[in-house]
Colleague: 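Pasting in a structure now, in structure tokens, and then I'll have a few things to ask.
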Amino acid sequence: MESRFCVLDDTENLQTLISNTANNLHVERSKTLFEEIRASISNIDEEDRAFWRPVLPWGGVFAIKAGRKAISRTPLYVKINLKNTCTIDGFLMILYVILRDNQSFPQELAAFLGKQFVEHFLYLMDSCDYTTVKMLWIWDRMSKRQYRSEIHQAALEIDLFGNEHKNFTENLENLMSTVQESLCTNWSCPARFQELVQTTISISPAHELPHSDPIQSAVDEFFCPKILFCSQLGCDGLREFSQRVFRRGPPPFVILNMQQWKSEELSYVPYHLALCQTRYSLEGATLFNKEEHHYSAAFRIDGCWLHYDGLRGNNLILLHKPPELLLLSSLVYIRASNK
């Protein structure tokens, strides 16, 4: 089959289509998807601990109705096939649980991602329109450079193969944005004052792991003030770094990038963390299988752990015990004061 790569340079019409899909769906539901999952936890069969239907399955096909001009280009495609969506699926599942389980969080997140996006996201998840949920994230949040697209006859294929932190975490705008100021003691330093901004939280294990809590220690190292030799060329001064702080106050949730950690360094994962004098509680994690190059996720509802894997037939399973977080890609903590 002949195919060619294309650059998608006209997304406005498809974004409108996704918006209209959300607005035109009229699905009468007595419960949200979150309420159904929560109810199933107490009523689940001990021998079959799977949710009664698949949730947010891997991939997806987004059909464009005939007669509606979704994309103004030649050739005109009538459906979109999604591949390797596990790089966003686990985080989308955790994001949904966080927003439905914490009443004030949707309004807070709307300040970063937009009220319309948050409302459409929740509505589409509750309507089980999972492919449109993924299209909403791709077209509204992701850069065109973050995925590969290819046209096969009348179908567009979008391939999300890659890294979940690039496809999801880095697209949360300034939700977790932090700033740290630094000042060099050398008055002749070419860049004496600097302001270091980071939009994600990537922590590294210490060279000598502490005995008590290596993850809290790594978080403290990320935020704490410090004094280092100045790295400017020709400067022999010392650079004093201030305490790192969140630019817009403590966010409703944080995602810790754990890709640099090995399994033997994760013998202890804390259920509570202190970040900038704010207490956070463990809500979920994403896991990475290197052999399959596949991401899955685990999260808590009412203290019970569930495992989500969009590739499986029964893709949402209630666990007997907390998961072994040895193949971590990320840890997700929510601000405890609102729980």
Side-chain angles (χ1 to χ4, degrees), residues 56 85-102 105-106 108-113 117-118 121 134 137 140-143 146 160 162-179 197-205 214-216 218-223 244-261 265-266 269-276 278-288 295-301 305-308 323 325-339:
L56 204 68
T85 58
C86 67
T87 56
I88 63 172
D89 290 344
F91 273 132
L92 290 176
M93 192 70 223
I94 293 176
L95 177 63
Y96 172 73
V97 170
I98 288 174
L99 293 179
R100 278 290 182 231
D101 203 20
N102 298 272
F105 284 5
E108 289 190 57
L109 190 63
F112 297 93
L113 304 186
F117 171 85
V118 173
F121 171 73
K134 301 179 190 187
W137 181 264
D140 192 90
R141 306 308 317 160
M142 293 183 68
S143 163
Q146 292 180 300
L160 299 182
N163 183 286
E164 68 173 0
H165 290 287
K166 293 187 178 298
N167 288 351
F168 188 89
T169 314
E170 294 179 7
N171 297 316
L172 289 172
E173 296 292 342
N174 293 312
L175 177 72
M176 298 178 289
S177 181
T178 60
V179 60
V197 175
Q198 291 197 27
T199 56
T200 60
I201 303 176
S202 182
I203 58 175
S204 305
I215 294 178
Q216 179 67 70
V219 168
D220 292 342
E221 176 67 21
F222 180 80
F223 282 94
R244 182 181 292 276
V245 296
F246 288 110
R247 298 179 74 189
R248 298 181 63 176
F253 64 90
V254 295
I255 298 172
L256 304 185
N257 185 333
M258 304 295 294
Q259 293 179 117
Q260 300 182 51
W261 294 67
E265 298 165 338
L266 294 167
V269 174
Y271 270 66
H272 301 284
L273 275 181
L275 286 81
C276 287
T278 302
R279 185 176 174 85
Y280 283 80
S281 298
L282 182 63
E283 184 79 351
T286 58
L287 313 172
F288 181 60
Y295 293 94
S296 61
F299 55 87
R300 294 200 299 163
I301 295 180
W305 280 96
L306 293 96
H307 182 251
Y308 160 79
L325 303 175
L326 299 178
L327 301 174
L328 274 180
S329 174
S330 69
L331 289 170
V332 183
Y333 288 82
I334 63 170
R335 200 176 60 228
S337 59
N338 284 62
K339 184 66 176 169

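Please read these numbers as outputs of a predicted model, since none were measured by experiment. Excluded from the calculations below are hydrogen atoms, water molecules and symmetry mates; all remaining heavy atoms, backbone and side chain alike, are included.
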Colleague: Is there a side chain to side chain contact (heavy atoms under 4.5 Å, CB included) between Asp89 and Glu164? Walk through the geometry before answering.
Modeller: CA-CA 9 Å; Asp89 290 344; Glu164 68 173 0; over 6 Å; no

Colleague: Ignoring hydrogens and geometry beyond distance, is a side-chain donor-acceptor pair present between His307 and Ser296 at under 3.5 Å?
Modeller: yes

Colleague: Indicate yes or no: at least one non-hydrogen side-chain atom of Ile215 is less than 4.5 angstrom from one of Leu266.
Modeller: yes

Colleague: Output yes when a side-chain donor or acceptor of Tyr333 lies under 3.5 Å from a complementary backbone atom of Leu275, and no otherwise.
Modeller: no

Colleague: Going by side-chain contact (heavy atoms from CB on, under 4.5 Å), Pro252 matches just one of Leu99, Ile334, Leu175. Which one?
Modeller: Leu175

Colleague: Under the side chain to side chain contact (heavy atoms under 4.5 Å, CB included) criterion, do Phe253 and Ile94 qualify, and how do the steps go?
Modeller: CA-CA 11 Å; Phe253 64 90; Ile94 293 176; over 6 Å; no

Colleague: Considering non-hydrogen atoms only, spot the tightest contact between Ala274 and Val219 and give its length.
Modeller: O-CG1, 4.0 Å

Colleague: Which of parallel (below 30°), tilted (30 to 60°) and perpendicular (above 60°) describes Trp305 and Tyr271?
Modeller: perpendicular

Colleague: For residues Phe112 and Pro251, determine if any side-chain heavy atom of one lies less than 4.5 Å from a side-chain heavy atom of the other.
Modeller: no

Colleague: Just checking, is any N or O donor in the side chain of Asn102 or Glu108 under 3.5 Å from an acceptor N or O on the other one?
Modeller: no

Colleague: Please check: side-chain N/O of Trp137 versus main-chain N/O of Asn167, any donor-acceptor pairing under 3.5 Å?
Modeller: yes

Colleague: How long is the span from the OG atom in Ser143 to the NZ atom in Lys166, to the nearest 0.5 Å?
Modeller: 11.5 Å

Colleague: Measuring only between side-chain heavy atoms, which start at C-beta, is Leu282 closer than 4.5 Å to Pro270?
Modeller: no

Colleague: Roughly how far, to the nearest 0.5 Å, is the OG atom of Ser329 from the CG atom of Leu256?
Modeller: 11.0 Å

Colleague: Dump the intermediate steps for side chain to side chain contact (heavy atoms under 4.5 Å, CB included) on Thr286 and Phe168, then the final yes or no.
Modeller: CA-CA 12 Å; Thr286 58; Phe168 188 89; over 6 Å; no

Colleague: Below 4.5 Å, heavy atoms only, C-beta onward: do Leu327 and Tyr295 meet side chain to side chain?
Modeller: no

Colleague: When you compare the side chain of Ile98 with that of Val332, does any pair of heavy atoms fall below 4.5 Å?
Modeller: yes

Colleague: Is a side-chain N or O of His165 found less than 3.5 angstrom from the main chain of Met258, in a donor-acceptor match?
Modeller: no

Colleague: With a 3.5 Å distance limit and no angle check, can you tell me whether Arg244 reaches the backbone of Phe222 through a side-chain donor-acceptor pair?
Modeller: yes

Colleague: Minimum heavy-atom separation for Leu113 and Phe117, please, with both atom names.
Modeller: O-CB, 3.5 Å

Colleague: Considering non-hydrogen atoms only, spot the tightest contact between Pro323 and Ala298 and give its length.
Modeller: CG-CB, 4.0 Å

Colleague: When you look at Phe223 and Phe246, which way does the ring-ring contact (aromatic ring centres under 6.0 Å, His included) test go after all the steps?
Modeller: CA-CA 9 Å; Phe223 282 94; Phe246 288 110; 5.5 Å; yes

Colleague: Using 4.0 Å as the upper bound for N to carboxylate O, is an ion pair formed by Arg248 and Glu173?
Modeller: no

Colleague: Distance-only, no hydrogens or angles: does the Thr87 side chain make a donor-acceptor pair with backbone N or O of Leu160 under 3.5 Å?
Modeller: yes

Colleague: What verdict does the side chain to side chain contact (heavy atoms under 4.5 Å, CB included) test give for Leu328 and Leu287, after you've listed the backbone C-alpha separation in whole Å, the side-chain angles of each residue and the deciding distance to 0.1 Å?
Modeller: CA-CA 5 Å; Leu328 274 180; Leu287 313 172; 4.0 Å; yes

Colleague: Checking the side chain of Arg335 only, and the main-chain atoms of Thr278 only, is there a donor and an acceptor separated by less than 3.5 Å?
Modeller: no

Colleague: For Phe91 and Ser330, work out which heavy atoms get closest and say how close.
Modeller: CZ-OG, 3.2 Å

Colleague: Side-chain contact test, heavy atoms from C-beta onward, threshold under 4.5 Å: evaluate it for Ile203 versus Glu221 and give yes or no.
Modeller: no

Colleague: Measure across Lys134 and Leu92 and return the closest heavy-atom pair with its distance rounded to 0.1 Å.
Modeller: CG-CD1, 4.3 Å

Colleague: For the pair Asn174 (side chain) and Ser177 (backbone), establish whether a donor and an acceptor sit closer than 3.5 Å, ignoring hydrogens and angles.
Modeller: no

Colleague: Can you tell me how far the OG1 atom of Thr199 sits from the CG atom of Leu172, to the nearest 0.5 Å?
Modeller: 9.0 Å

Colleague: Please round to the nearest 0.5 Å and tell me the distance separating atom CG of Asn163 and atom CD of Glu170.
Modeller: 7.5 Å

Colleague: Would you verify whether the NZ or CZ of Arg141 falls within 45 degrees of the ring axis of Phe121 while also being under 6.0 Å from that six-membered ring's centre?
Modeller: no

Colleague: Check Gly90 against Ala297 and note the closest heavy-atom contact, atom names and distance.
Modeller: CA-CB, 3.8 Å

